[in-house]
Amino acid sequence: MNCCRCGDPSDTQLCTLCDEEVKRYAALVAEGGVYWLCDGCGRSGVIPSGDAAAALRAENKTPPPAPLLVAFFRCTQHSRGDSHEADARPVPFTADDRPA
């Protein structure tokens with residue numbers, strides 16, 4: 001089966017691996033994690049619950065389980081482990097939006 005996330009964007013369903021990842025990410029975010037997206041390369045993921053996620057949630061007045069998405073401007077902020085909360089830009093997120 002093709003997948004609208006990892007394959008052809010015109011497909012309407014997720015493959016099993018992508019579906020499991022989306023569910024895993026949603027569970028991490030409900031536990032206090034934060035979705036992230038890179039404006040530079042389009043990669044995405046979840047910052048697990050902890051000090052960084054708690055600081056982002058407090059700054060944006062978004063307690064769990066509500067979803068929160070932050071965007072990084074530069075790939076170096078997420079690719080070498082040198083991300084900083086000050087370099088993250090909060091953006092609105094609804095249940096209908098999902099990082100690609």
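FYI, the numbering just counts along the sequence from 1. These figures come from a predicted structure and were not determined experimentally.
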To check you understand the geometry: which heavy-atom pair defines the closest contact between [X] and [Y], and what is its length?
X     : Y     : value
Val46 : Tyr35 : CG2-CD2, 4.0 Å
Leu37 : Gly42 : CD1-O, 3.6 Å
Pro48 : Ala53 : O-CB, 3.4 Å

Quiz item: In Å, rounded to the nearest 0.5 Å, how long is the span from CG of Leu56 to CG of Asp51?
Solution: 11.0 Å
Exercise. Verify, without hydrogens or angle tests, whether Arg43 (side chain) and Trp36 (backbone) share a donor-acceptor contact under 3.5 angstrom.
Key: no
Self-check item: Passing option when Pro67 is tested against Thr62, Val29, Val34 for side-chain contact (heavy atoms from CB on, under 4.5 Å)
Solution: Val29
Quiz item: Does Glu31 have any side-chain contact (heavy atoms from CB on, under 4.5 Å) partners at least two apart in sequence or in another chain, and if so, which?
Solution: Leu28
